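Worksheet: the structure to be examined is printed underneath.
Only a predicted model underlies this, so the values are computations on that prediction, with no experimental measurement involved. Lettering follows sequence order; numbering is per chain, from 1. Computation of the quantities below employed the complete heavy-atom set of this structure, encompassing side-chain atoms and omitting hydrogens, waters and symmetry-equivalent molecules.
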Amino acid sequence: MINPTINISVAGENSLILYLADNADSKVAAQIQSVTALITANLGPMLIDIIPSYASILVIYDAHLTDHFAVYKEIQKAMTIHANSGDILASKVDSKLVKLPVYYGTDSGPDLENLASNARLSVEEVINIHQSIEYRVYAIGFAPGFAYLGEVDERIAAPRLSTPRQRVPRGAVAIADRQTAVYPSISPGGWNLIGLCPTLMFDPNAEPTMPVKTGDRVQFESIDEQTFIKLGGDLSSFGDLK
Amino acid sequence: MTGFKVIQPGLLCLIQDAGRFGQHHVGLTVGGPSDRDSFKWANHLCSNSENSAVIEITVGGIVLESSVETFFAVTGASVPLTINKIPHSTWTLHKVNIGDRIEIGFATVGSRCYLSVAGGFDIAPVFGSCSTVTRESIGGLHGDGRPIEAGDYLPCSSSLLAAPRCLPKEIRPVHVGTAQSITVLRVILGYQQNQFTEQQKRLFFGSEYAVSERNDRMGARLIGPSIKPSAGGILSEGICLGAIQIPADGQPIILLQDRQTIGGYPKIGSVLSLDLDKLAQLPTHSLVKFESISIEEAHNLLHLAKAQQQRKGPIVDINLLSEQVERLMVTSNPRGMQTVSTAIQPGSYKRAAETIVACKGTVFIGTGFPVRDTFETDGPVGAIALYHAIKRLGGNPIMVCDAPLAKLFEKSFTTQEIHFDLDETQSILERHNPSLIISIERPGQAVDGRYYNMRGVDISERCANFDRFMSLATCPTIAIGDGGNEIGMGNIGDALAKLDIQPSTTTCDELLLADISNWAAHGLLALVSVLVEEDMLSNWDNDAVLTFLSDGGSVDGVTGENTLTEDSVASSVSQRLVKDLQILSGF
């Protein structure tokens, strides 16, 4: 039996945070997904909420039903179960592969040309590199439905814009450093926009609300304008941003 | 659909319930009330569930018009509250009627107040909650995160009856933040606390910070000595309520209800939620100071706060209850008692109840209104109610009446018979030495010294003199009447001149009016219930009491028939009134 060294800190009066690694990678993302599921199941009604992120899990518990000693033990237990049967569990956990269609192009991605020329690549090369990688959902936050995906190939990694846009349209596919994302709703934003995705990333009326969850895998697939529009995409929402 | 129409939306008014939980995995924050303590009390005053939707009013300035009869309360910051321009107190349940206008002015102490309504505002939840999070465009009246706007209609159902509860001053949260006082925020060290050197921690806990103008529901940005962690940014991680984030400029930000769910700044720990309630009420430029506590201490404080809240709570406001009972007692006004009630100083039921509670020893209860050769049902029913209550309070009640009622009472109650042709007042008083005398529906002498019924017929030949007990007594006296010809009505002689009756001139210390005298006894006991914190109206069976009297030959005072009615009103109506009085007194 492996007894994993684990790093759990107090976060607040009713929260503990579990750190699994110093850096995010796809193995850690899978581990976080499986441990999050174990903790959620073990704590049951004592759990108020849980936030899996890049390399940590914040566990928020009901301090009137339990305390940090008990929750600490539950987290430890989840880690031990995971360590002993991690691979089996990881394969059991619903780490699904989600394919997201993207209409790449200079009319749907106003920063595509700039990014390509800064990277000394052609637009086609940037598109091909972006869709060649199977990303992991590292975290969900910033705004409802905003999924941080990693890791972007170093060749097309690009820093945030010096002046963020006041308005980024819903569905914008974007790159910032070695992360990529699809904007779930209209919002300000400073990421480099390279295309549009017709899939709703956050739909309050859908079940589930989001097509992905933390730990899931994502692959982008290039589509043409016609397919984009057929899938419900709307180019006019973009108009004034270029 | 009933509800409140928004005439003026105020500076920032948001629908809030307890918050949106279990949705962090899709990036949704909690939302919910900034001052959870005041929010809880607002719902508590309305007897609502803990998660009912209220309006969080920042600074103030909201005007509402009610299209419904219901109850509401305002808690939190000190604000001027008016209903139809008449000032009303906060931390108290108030009635509103259709067309009433509720106005909340600007906060004088604190920043946020909470308006709750009986049953809560009826708003469709989004992701399990109707809490408004503007940043996320989630929740609120339309589900899209918009604050309350002029013309909005906030639906709520009607509520006709509720105990006038208030939260006593000593239990109310203290939200005073003035330039002179420094609010202490207790902190549980955590997260990246190891990245802060002892020296940085000493600086943090040893300094005062001011609440900056950049202070909203997402976070409170503070101004003071800069704190520097030994490392820079971190991988974005989950943020809990109250987390203290130290960004690059070293100025702490306390993350609040509408915080982002993940973030990449180092955090030194988190503020205790109990202290966030205080922070939520602090105006800009207020000073705060941090104090370190352990997680165990934090849990202890949370449990203590919960236990205290369960132990102490709203109480029924005796003055408001008295006003409501006095109004309720004369609502139908069959004999003009509502008309003459203005002649009585408000609070009569409360004062009478206090007299009863203070009284130890013997209490005379005089009753019995002769009708032909028997007695009417109005009077004895209330006398029986009072008799049982006084016994329950530890007193020694004695029924004082003439035959044939005295003969019936003798079987079940300690009874002192009096005679129309024999005056033993002095000797009876000396023998029993009562500490209180109550007269309920007992004929009182007119100016000519004679007794008249409501039709003006002289009944002196059948009526013993109880008036002399009232005038000779050295103890307090209470009298109840419903027509103007009863003992005690001498107190409001001028007002009675309007009525077409032969009024009684006999006075008392405290006169209680009602549409039916029996009802006054129940109303009085509702007030006694609140004073002694025990339901004096429990187990009242109006039918059983009327059956007992009817078997003894009683008649209805209005119809003259031997029926189970009081002044032609069905027994069920009285029974319902008792039920309503129980609700009003909070039982």
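When the candidates A:Ile48, A:Asn14, A:Thr214, A:Thr40 are compared by the number of heavy-atom contacts under 4.5 Å with chain B, A:Ile48 comes out ahead. Ranked by heavy-atom pairs under 4.5 Å with chain B, the first of A:Ser187, A:Ser9, A:Gly12 is A:Gly12. When each of B:Ile295, B:Asn194, B:Ile188 is checked for heavy-atom pairs under 4.5 Å with chain A, B:Ile295 comes out on top. When the candidates A:Asp22, A:Asn23, A:Ile17 are compared by the number of heavy-atom contacts under 4.5 Å with chain B, A:Ile17 comes out ahead.
In this structure, no portion of A:Tyr138 lies under 4.5 Å from any heavy atom of chain B. Interface remark: B:Ile239 contributes backbone atoms only to the contact with chain A (heavy atom separation under 4.5 Å). The contact between B:Gln23 and chain A is made entirely by backbone atoms, counting heavy-atom distances below 4.5 Å. Only the backbone of B:Leu189 comes within contact range of chain A, judged by heavy atoms closer than 4.5 Å. Only the backbone of A:Ala143 comes within contact range of chain B, with at least one heavy atom under 4.5 Å from a heavy atom of that chain. Of the two parts of A:Ile140, the backbone and the side chain both hold a non-hydrogen atom closer than 4.5 Å to a non-hydrogen atom of chain B. With a 4.5 angstrom heavy-atom cutoff, A:Ile50 touches chain B only via backbone atoms.
A distance of 9.0 Å separates NE2 in B:His299 from CZ in A:Phe69, rounded to the nearest 0.5 Å. Separation of atoms CG (B:Asn300) and CG (A:Asp67) is listed at 12.0 Å; rounding is to 0.5 Å. Atom CG of B:Leu235 sits about 10.0 Å away from atom OH of A:Tyr19, to the nearest 0.5 Å. To the nearest 0.5 Å, atoms CG (B:Leu301) and CD (A:Glu13) are separated by 9.5 Å. Between the OG atom in A:Ser15 and the CG atom in B:Leu241 there is a gap of 8.0 Å [rounded to 0.5 Å].
When all heavy atoms are compared, the tightest approach of A:Ala63 to B:Leu302 is CB-CD1, 4.0 Å. The shortest non-hydrogen separation linking B:Ser270 to A:Ala11 is OG-O, 2.5 Å. The two residues A:Ser53 and B:Ser236 have their closest heavy-atom pair at OG-O, 2.6 Å. Taking every heavy atom of both residues into account, A:Asp49 and B:Gly22 meet most closely at OD2-N, 2.8 Å.
The side-chain heavy atoms of B:Cys240 and A:Leu58, taken from C-beta on, include a pair separated by under 4.5 Å. Residues A:Pro144 and B:Val26 form no side-chain contact, since every pair of their non-hydrogen atoms from C-beta on lies 4.5 Å or further apart. Looking at heavy atoms from C-beta onward, A:Ile51 lies out of side-chain contact with B:His25 at the 4.5 angstrom threshold. Taking the side chain as every heavy atom from C-beta outward, B:His24 and A:Ile60 approach each other to under 4.5 Å.
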For this session: Determine, step by step, whether A:Phe202 and B:Leu28 satisfy the side chain to side chain contact (heavy atoms under 4.5 Å, CB included) criterion, reporting the C-alpha distance in whole Å, the side-chain angles of both residues, the deciding distance to 0.1 Å, and the verdict.
Result: CA-CA 11 Å; A:Phe202 183 78; B:Leu28 286 171; 4.1 Å; yes
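Pairs of residues two or more places apart, or lying in two chains, never qualify as ring pair (Phe, Tyr, Trp, His ring centres under 6.0 Å) while including a residue from residues 238-258 of chain B. The ring pair (Phe, Tyr, Trp, His ring centres under 6.0 Å) analysis of residues 149-189 of chain A, with sequence neighbours excluded, yields the pairs A:Phe146-A:Tyr183.
Contacts with chain A (heavy atom to heavy atom, under 4.5 Å) involve these residues of residues 127-141 of chain B, listed by number: B:Phe127, B:Arg135, B:Glu136, B:Ile138. Interface residues of residues 256-264 of chain B toward chain A, defined by a heavy-atom distance below 4.5 Å and sorted by number: B:Gln260, B:Thr261, B:Ile262.
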